[in-house]
Each structure stands twice: as structure tokens, then as C-alpha cells.
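If you're wondering where the values come from, they're calculated on a predicted model, not measured in any experiment. As a basis for the values below, the full set of heavy atoms in this structure was taken, side chains included, without hydrogen atoms, waters or symmetry mates.
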Amino acid sequence: MALNIFNSKSLSSGSEMLLLNPLLNSRHVVKGSPLWCSCRGYIPRASYSNTSQNTTSAVGQHDYIDSYSYQIDRINRSSSSDFFQKIDILDALDDEYGGVVVNPERVPSNPDVFARALRLSVHHWKIKGKKGVWLKLPLEKSDLVPVAVKEGFMYHHAERSFVMLTFWIPDGPSLLPSNASHHVGVGGFVINDKDEVLVVQETHCPPTLHGLWKIPTGFILESEEIHLGAVREVKEETGIDTEFVEVVAFRHAHNVSFEKSDLFFVCMLRPLSTAIRVHDHEIQEAKWMPLEDFVNQPLIQEDSMFKKIIDICTARLEKRYCGLSVHRLFSKFDGKLSSLYFNIVKDWDSDCQAE
């Protein structure tokens with residue numbers, strides 16, 4: 001959004017100044033010596049000492065920015081070059097919470113131009129009653145980050161190709177949501193009809209876990225379903241195709257990687273193939289291991305968390321426990337399909353028979 005205070009073709013000569021007004025597409029001639037000019041966004045208002053009746057020119061009826069007053073003793077001073085310039089409001093969209101999201105593709109690359117535009121834009125948004133400002137700066141414009149920080153913006157989060165900064169306009173504490181607080185991991189408990197568990201040994205692991213055979217695990221990808229992430233991780237680490245059955249348990253831990261919390265979902269999976277092919281550089285070896293041998297590993301027997309997970313998986317195999325199956329449901333709150341995990345028991349007097 002461009003605020004053309006005065007067109008670059010504005011001319012001054014002696015005591016006469018010609019204003020080419022882009023808003024009204026007309027010319028206004030004001031004679032006399034300009035004492036000062038207060039430019040308020042889309043409403044340039046000029047006052048001059050003159051004996052003429054038309055001593056004041058009010059331009060337009062826009063109500064944008066009550067900003068930036070300029071005092072000019074003489075029109076030919078060097079400051080007039082700053083006065084007769086184009087000032088841009090950053091291109092932004094309103095969000096649903098009363099804030100604005102700046103269009104990263106339209107952010108000026110020049111740091112000086114960006115600084116002026118950012119300062120003017122924040123003032124504009126403040127007058128409009130806006131709250132939070134989201135400023136996404138791509139990697140190629142990283143030199144603008146210190147400029148934004150100097151104007152009061154704060155880091156929110158970063159990805160490989162951009163950094164996101166925010167600014168809270170109203171007085172008081174910011175109500176903008178914090179960055180994502182959790183990692184989401186999955187583990188696949190896969191057991192075949194021979195009571196053998198699919199297990200792996202990782203190439204890199206803490207010394208305390210050296211020699212441990214564990215179930216395949218990993219983080220789910222962005223926009224990936226939990227049940228699909230478990231199937232993918234098992235395929236990537238072992239080459240085994242599987243079918244999701246249920247979520248049998250999940251663990252919640254805090255201050256894990258990068259001081260974030262961690263949600264880890266243990267998923268029961270049904271094997272659809274048997275031949276193991278390890279192509280993942282993070283996996284040293286994979287095999288089918290008898291359930292009894294897997295459970296009796298010293299590291300599992302000595303760890304209450306690992307042991308409880310195996311107990312739960314064993315109980316599910318014996319139908320003494322019912323996990324959570326996935327159901328795709330539509331919600332009018334966001335207009336999207338999403339996954340809801342719950343269990344359904346056909347007969348409460350019988351063993352668990354989850355649908």
C-alpha cells in the first residue's frame with residue numbers, strides 16, 4: 001500500500017509550490033511561504049502564511065495514519081527531498097485474531113527502506129486497532145532481521161528457509177501463541193505369527209543403551225498422521241510393510257530435545273511382509289526376535305518405562321487390553337477431516353475385541 005505524500009514531480013519556485021495530488025488527480029497551487037507542513041498519511045494537511053483566502057488545502061477523506069510531521073523552514077532545503085518521497089505501508093493480510101500477517105514476497109530488500117516502511121506500518125496498524133504482527137523473513141532477506149529487532153520485533157521460530165518474528169502492539173503482555181512446544185514420536189510394535197518381534201539396533205545411541213534391541217522408532221513428519229508415521233518409520237528402518245492396528249499407549253516427557261516436551265505414541269502394527277532390508281544409515285541391524293528374548297533383555301527388565309510398554313503390548317496380544325483405533329471424522333469447527341483415536345468394545349462381558 002503506497003502512501004504518496006506528494007508526487008515526485010512536485011515543483012516549487014519562489015513562493016509558489018505546485019502539488020500534484022495523486023489521490024485527487026488534480027493540481028493545487030498554494031502561494032506564500034510554507035511555515036510548516038504536517039503530513040498525516042493519506043491526509044496531507046498544509047498550512048501557509050498568506051493573505052489569500054485559500055490558505056489551507058485539505059486533501060482527500062482517507063483516514064489512514066496520524067503520523068510523521070515535517071517542519072520545513074524553506075522549501076529548497078535538503079530536507080525537502082525526504083519530504084517529497086513515496087512512503088509504503090507493508091503489504092499484509094488481516095488474520096482472524098485481530099492481527100496482521102506481512103506478505104514476505106513484498107517486503108523491501110533495502111534495509112533503510114524496510115526500516116522506514118516497518119516503522120510507519122506499525123504506527124498504521126496501531127491506529128487501526130491491530131494486535132499482533134507476524135513478520136516472516138526468508139533466508140535471502142536475513143539482513144533485515146536486525147532491522148526488525150531494532151524496531152521491537154522478537155524471534156518466534158525459525159525453519160530452514162525463514163525466520164518468523166512477531167510484534168505485540170497493545171500495551172500489556174503479548175497474547176500471541178508461543179512456538180510449538182512438543183516433538184511427536186512414534187514406535188512400531190510389530191509381532192508376527194511366530195511370536196517374534198521386529199527389533200533394531202541403532203548405529204548411534206547413548207552408552208547406557210548399547211546392545212539394546214528396541215522397536216523401530218522415529219519422529220512423525222509435518223502434516224503426517226500418527227498411524228501413518230509409525231508405518232513409514234518401520235518401512236524405512238527395516239523394509240517391512242505393516243498395517244496399523246491401534247495406539248496402545250503414549251508417553252509424555254519434558255525437557256527433552258532443545259528443551260521441548262515430547263509425546264511418544266506406541267503403535268501396534270500387523271506385518272504384511274517378512275523379508276528385512278536395512279537401508280537406513282541410522283540403523284545398524286534389524287531382525288525378528290522371539291518375544292520372550294526381547295522381554296528378558298536386562299535393559300528392559302531394569303527400566304520401568306520400557307517394561308510397562310512391553311507388558312501393555314503383551315496384554316493387547318492376549319486380548320486383556322484394548323487400545324485406540326483411528327477414525328476419520330469431519331468437524332465444522334475447522335471444516336476439515338481429522339483423526340480421532342478411541343476404542344469400541346463389541347461385548348463388555350468378553351475379551352477386548354476392538355473394531
*Asks:* Applying side-chain contact (heavy atoms from CB on, under 4.5 Å), can you list everything that pairs with Ala315, at least two apart in sequence or on another chain?
*Replies:* Arg320, Tyr321
*Asks:* Checking Asp241 now: which residues fulfil salt bridge (charged side-chain N to carboxylate O under 4.0 Å, His left out) with it, not counting sequence neighbours?
*Replies:* Lys235
*Asks:* Let me see the working for Met164 and Tyr155 under side-chain contact (heavy atoms from CB on, under 4.5 Å), right down to the final yes or no.
*Replies:* CA-CA 6 Å; Met164 181 70 78; Tyr155 295 134; over 6 Å; no
*Asks:* Identify the two heavy atoms, one from Pro177 and one from Trp134, that lie closest to each other, and give their separation to 0.1 Å.
*Replies:*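 Smallest interatomic distance, heavy atoms only, reads CD-CZ2, 4.0 Å.
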*Asks:* Look at the aromatic rings of His157 and Phe162 and report parallel, tilted or perpendicular, splitting at 30° and 60°.
*Replies:*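 Plane angle over 60°, so perpendicular.
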*Asks:* Under 4.5 Å between side-chain heavy atoms, hopping through other hydrophobics if needed: is there a path connecting Val326 to Ile220?
*Replies:*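 Yes, Val326 connects to Ile220 through the hydrophobic network.
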*Asks:* Yes or no on side-chain contact (heavy atoms from CB on, under 4.5 Å) for Val107 and Asn103, after CA distance, side-chain angles and deciding distance?
*Replies:* CA-CA 7 Å; Val107 172; Asn103 182 357; over 6 Å; no
*Asks:* Sub-3.5 Å donor-acceptor pair from the side chain of Asp95 to the main-chain atoms of Gly98, do we have one?
*Replies:*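 Answer holds: yes.
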*Asks:* Can you list, pair by pair, the side-chain donor-acceptor contacts under 3.5 Å of residues 146-153, counting residues two or more places apart and other chains?
*Replies:*
from   : atom 1 : to     : atom 2 : distance (Å)
Glu151 : OE1    : Arg119 : NE     : 3.4
Glu151 : OE2    : Arg119 : NE     : 3.4
Glu151 : OE2    : Arg119 : NH2    : 2.8

*Asks:* If a pair satisfies side chain to side chain donor-acceptor pair (under 3.5 Å) and one of its residues is in residues 280-295, list it, with sequence neighbours excluded.
*Replies:* none
*Asks:* Considering only residues two or more places apart or on different chains, which pairs with a residue in residues 200-222 satisfy side chain to side chain donor-acceptor pair (under 3.5 Å)?
*Replies:* Glu202-Lys214, Lys214-Thr217
*Asks:* Report yes or no: do Val247 and Ile312 belong to one cluster of Ile/Leu/Val/Met/Phe/Trp/Tyr joined by side chain heavy-atom distances under 4.5 Å?
*Replies:*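 No; Ile312 is not reachable from Val247 via cluster members.
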*Asks:* Once rounded to the nearest 0.5 Å, what's the spacing between atom CD1 of Ile226 and atom SG of Cys267?
*Replies:*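 Spacing of CD1 (Ile226) from SG (Cys267) equals 7.0 Å.
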*Asks:* Compare all side-chain heavy atoms of Val102 with those of Val133 and state whether any distance is below 4.5 angstrom.
*Replies:*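 Contact flag for Val102/Val133 side chains = yes.
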*Asks:* Going by side chain to side chain donor-acceptor pair (under 3.5 Å), name the residues that satisfy it together with Arg160, two or more places apart in sequence or in a different chain.
*Replies:*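 Per chain and number, Arg160 pairs via side chain to side chain donor-acceptor pair (under 3.5 Å) with no residue.
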*Asks:* Determine which pairs satisfy salt bridge (charged side-chain N to carboxylate O under 4.0 Å, His left out) with at least one residue from residues 129-148, sequence neighbours left out, and list them in order.
*Replies:* Asp94-Lys130
*Asks:* Side chain to side chain donor-acceptor pair (under 3.5 Å): which pairs involve residues 298-314, sequence neighbours left out?
*Replies:*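 As it turns out, there is no side chain to side chain donor-acceptor pair (under 3.5 Å) pair with a partner in residues 298-314 once direct neighbours are skipped.
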*Asks:* Start with the C-alpha gap between Leu317 and Ile191, add the side-chain angles, then the distance that decides, and say whether side-chain contact (heavy atoms from CB on, under 4.5 Å) holds.
*Replies:* CA-CA 9 Å; Leu317 291 173; Ile191 188 165; 3.5 Å; yes
*Asks:* With a 4.5 Å cut-off on side-chain heavy-atom distances among I, L, V, M, F, W and Y, is there a chain of contacts connecting Val113 to Val145?
*Replies:*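 Shared cluster, no.
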*Asks:* Run the side-chain contact (heavy atoms from CB on, under 4.5 Å) test on Leu198 and Val234 for me, step by step, so that the C-alpha distance in whole Å, both residues' side-chain angles and the decisive distance to 0.1 Å come before the verdict.
*Replies:* CA-CA 9 Å; Leu198 182 63; Val234 170; 3.7 Å; yes
*Asks:* Kindly compute the distance separating OG (Ser121) from CD1 (Ile89), expressed to the nearest 0.5 Å.
*Replies:* 4.0 Å
*Asks:* If you measure from CZ on Arg116 to CG on Asp112, what distance do you get to the nearest 0.5 Å?
*Replies:*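 One finds 6.0 Å between CZ of Arg116 and CG of Asp112.
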*Asks:* For residues His227 and Tyr341, is any side-chain donor paired with an opposing acceptor at under 3.5 Å?
*Replies:* yes
*Asks:* Show your working on side-chain hydrogen bond (donor to acceptor under 3.5 Å, both in side chains) between Ser325 and His327 and close with a plain yes or no.
*Replies:* CA-CA 7 Å; Ser325 54; His327 303 265; 3.1 Å; yes
*Asks:* With sequence neighbours excluded, give me every side chain to side chain donor-acceptor pair (under 3.5 Å) pair touching residues 248-263.
*Replies:*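 Output for this query lists His182-His252, Arg251-Asp262, His254-Ser261.
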*Asks:* So, do Leu118 and Leu90 sit near enough that their side-chain heavy atoms are less than 4.5 Å apart?
*Replies:*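 Yes; the side chains approach each other to less than 4.5 Å.
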*Asks:* Count I, L, V, M, F, W, Y as connected when their side-chain heavy atoms are under 4.5 Å apart, and connections chain through other members. Are Val186 and Phe244 then in the same cluster?
*Replies:*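 Yes, Val186 connects to Phe244 through the hydrophobic network.
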*Asks:* Please work out which of the three classes, parallel, tilted or perpendicular, describes the rings of Phe189 and Phe294, given edges at 30° and 60°.
*Replies:*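 Because their plane-to-plane angle lies in the 30° to 60° range, the rings of Phe294 and Phe189 count as tilted.
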*Asks:* Quick one: which residue pairs count as a salt bridge (charged side-chain N to carboxylate O under 4.0 Å, His left out) with a foot in residues 324-338, not counting sequence neighbours?
*Replies:*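 The answer is Glu225-Arg328.
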*Asks:* For the residue pair Leu144 and Pro111, establish whether any side-chain heavy-atom pair is separated by less than 4.5 Å.
*Replies:*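 Yes, their side chains come closer than 4.5 Å.
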*Asks:* Who pairs with Ala286 by side-chain contact (heavy atoms from CB on, under 4.5 Å), at least two apart in sequence or on another chain?
*Replies:* Val200, Thr238, Ile276, Val278
*Asks:* Val190 versus Ile215: any side-chain heavy-atom pair under 4.5 Å?
*Replies:*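 With C-beta onward as the side chain, the pair stays apart.
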*Asks:* Could you tell me if the side chain of Ile300 sits less than 4.5 Å from the side chain of Ile310, heavy atoms only?
*Replies:*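 SC-SC contact between Ile310 and Ile300 confirmed.
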*Asks:* Would a 4.5 Å heavy-atom cut-off, applied to side chains only, mark Phe250 and Val266 as touching?
*Replies:*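 Not touching, per the 4.5 Å side-chain cut-off.
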*Asks:* Any heavy-atom pair between the side chains of Leu165 and Leu137 that's under 4.5 Å?
*Replies:*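 A side-chain contact exists here, since the closest heavy-atom pair is under 4.5 Å.
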*Asks:* Does a side-chain heavy-atom distance below 4.5 Å link Glu246 with Leu324?
*Replies:*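 They are not in side-chain contact.
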*Asks:* If I take atom CZ from residue Arg106 and atom CG from residue Asp88, how far apart are they, to the nearest 0.5 angstrom?
*Replies:* 9.0 Å
*Asks:* Examine Met305 and Leu212 and state if one hydrophobic cluster contains both, with Ile, Leu, Val, Met, Phe, Trp and Tyr joined whenever side-chain heavy atoms are less than 4.5 Å apart.
*Replies:* yes
*Asks:* Scan the side chains in residues 166-173 for donor-acceptor partners under 3.5 Å anywhere in the protein, sequence neighbours excluded, and list what turns up.
*Replies:*
from   : atom 1 : to     : atom 2 : distance (Å)
Trp168 : NE1    : Pro173 : O      : 3.3

